[in-house]
Amino acid sequence: MSFDPHAGLPHEPAPREPRRILPEPDSLIRGAALVGVAVTAAWLARSSFRATWLLTPVAAVLAAASILAGWAAAVHLTGGEKFDDHPFV
């Protein structure tokens with residue numbers, strides 16, 4: 001079975017969701033909490049790095065956690081991920 005990129009879709013696309021200025025309340029709360037986690041982890045990373053060079057691995061882990069929490073916060077605050085049920089996506 002070969003895939004023809006010029007063939008029609010196997011089904012009609014889902015209707016678009018209405019656009020929002022603010023995300024849903026659940027997503028807004030999770031995003032705000034993740035911003036707090038990101039800021040706290042960044043502060044702890046900076047503090048542990050400044051305390052002594054022996055805590056550099058701890059600071060690196062905390063910095064990575066801060067970056068990932070900030071990324072997750074951005075996803076939640078911008079409306080979350082949307083998944084398509086198309087079999088070829």
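Below, each value reflects all heavy atoms present in this structure, side chains not excepted, and no hydrogens, waters or symmetry copies.
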#### Entry: Approximate separation, where rounding is to 0.5 Å, of Glu24 CD and His76 NE2
11.5 Å
## Note on the structure
Applying side-chain contact (heavy atoms from CB on, under 4.5 Å) to Val75 and not counting sequence neighbours gives Trp71, Glu81
#### Entry: Ala45 versus Ala63, closest heavy-atom pair with distance
CB-N, 3.8 Å
### Query
Residues two or more places apart in sequence or in another chain: which of them pass side-chain contact (heavy atoms from CB on, under 4.5 Å) with Ala73?
Leu34, Val35
### Thr78: partners by side-chain contact (heavy atoms from CB on, under 4.5 Å), with sequence neighbours left out
none
### Query
Any donor-acceptor pair under 3.5 Å linking the side chain of Thr56 with the backbone of Trp53?
yes
### Task
Please go through Ile29's hydrophobic cluster and name the other residues, only I, L, V, M, F, W, Y counting, with side-chain heavy atoms under 4.5 Å joining them.
none
### Query
Tracing side-chain links under 4.5 Å among I, L, V, M, F, W and Y, which residues wind up in one group with Leu55?
Trp43, Leu44, Val58, Leu62
### Members sharing Phe49's hydrophobic cluster (side chains within less than 4.5 Å)
none
